[in-house]
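Below you'll find the structure, written out as structure tokens, and then a few comments.
Atoms considered below: every heavy atom in the structure, side chains included; atoms not considered: hydrogens, waters and symmetry mates. Note that the structure is a prediction, hence the values are computed from the model and not measured.
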Amino acid sequence: MVGLGDTKKKIEKMISAAEDLYEKMNQLRAQIDDLRSKVEKTSEQVDAMEHDLDEQRVLIERMAREQGIDVDEVLAEAAIEEADAENSAETSGAAGGSAAEPED
């Protein structure tokens, strides 16, 4: 009858492990539901911000045209300046670092 006692302990251990796993699965499900809700809310906020940004862009472009400013030219100049700034930052960062010389 010793075999039945060991079997009972093993079954109880398996049941306990299954209950723990079920609880963890429920916690994970709740976390996923919460995450899904947050992602949907964030998506709605991003959509609203994109809409607002589009409206602002139209207004700014219209005001710029009224002032005789070429919006495309201003954007192109800004992109060039940004690229130049990135290149100079990369160049100064690479030149300022000190690499260890390999030992022979």
Side-chain angles (χ1 to χ4, degrees):
M1 289 289 191
V2 175
L4 290 178
D6 289 341
T7 303
K8 180 182 176 187
K9 287 180 184 178
K10 288 179 183 178
I11 290 173
E12 288 173 348
K13 199 173 188 181
M14 287 176 41
I15 289 171
S16 177
E19 288 172 345
D20 290 345
L21 186 59
Y22 184 74
E23 179 63 30
K24 288 179 182 179
M25 188 177 67
N26 283 335
Q27 290 173 356
L28 185 58
R29 183 177 291 134
Q31 289 174 351
I32 289 172
D33 289 343
D34 183 51
L35 182 60
R36 183 177 290 131
S37 172
K38 288 179 181 178
V39 166
E40 288 174 0
K41 182 179 177 183
T42 301
S43 178
E44 291 170 2
Q45 290 173 335
V46 167
D47 289 344
M49 289 174 15
E50 286 177 343
H51 177 74
D52 291 346
L53 184 60
D54 288 341
E55 288 179 344
Q56 291 173 5
R57 181 175 290 125
V58 168
L59 290 172
I60 290 171
E61 287 178 356
R62 183 170 294 156
M63 290 178 358
R65 278 193 220 103
E66 288 175 0
Q67 297 297 318
I69 299 170
D70 184 351
V71 175
D72 293 330
E73 182 180 334
V74 171
L75 292 174
E77 288 175 8
I80 291 169
E81 290 174 6
E82 183 178 330
D84 288 343
E86 287 177 6
N87 287 338
S88 66
E90 288 175 4
T91 304
S92 66
S98 61
E101 293 293 323
E103 295 182 21
D104 290 39

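Separating the CG atom in Leu75 from the CD atom in Glu82 is a distance of 11.0 Å, to the nearest 0.5 Å. Within the model, atoms CG of Leu21 and CG of Asn26 stand 10.0 Å from one another, a figure rounded to the nearest 0.5 Å. The CG atom of Asp52 sits 10.5 Å away from the CD atom of Glu50 when rounded to the nearest 0.5 Å. Rounding to the nearest 0.5 angstrom, the gap separating the OG1 atom in Thr7 from the NZ atom in Lys9 is 11.0 Å. Atom CG of residue Asp72 and atom CD of residue Glu77 lie 11.5 Å apart, to the nearest 0.5 angstrom. For the atom pair CG of Asp84 and CD of Glu81, the computed distance is 8.0 Å after rounding to the nearest 0.5 Å.
Around atom CE of Met14, no more than 12 heavy atoms belonging to other residues, nucleotides or ligands sit under 6.0 Å away.
Although no hydrogens or angles enter the test, the distance criterion places a donor-acceptor pair under 3.5 Å between the side chain of Thr91 and the main chain of Asn87. The backbone N or O of Val39 lies less than 3.5 Å from no partner atom in the side chain of Ser43, so there is not a single donor-acceptor pair. Counting only distance, with no hydrogens or angles, the side chain of Ser37 and the backbone of Asp33 share no donor-acceptor pair below 3.5 Å.
Scanning both residues, Ser92 and Ala89, for their nearest heavy atoms gives OG-O, 3.2 Å.
By the 4.5 Å heavy-atom criterion applied to side chains, Glu19 and Tyr22 are not counted as neighbours.
The only member of Glu61, Gln67, Met63 that meets side chain to side chain contact (heavy atoms under 4.5 Å, CB included) when paired with Arg65 is Glu61.
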Margin query: Is there a side-chain contact (heavy atoms from CB on, under 4.5 Å) between Leu53 and Gln56? Walk through the geometry before answering.
Written below: CA-CA 5 Å; Leu53 184 60; Gln56 291 173 5; 4.3 Å; yes
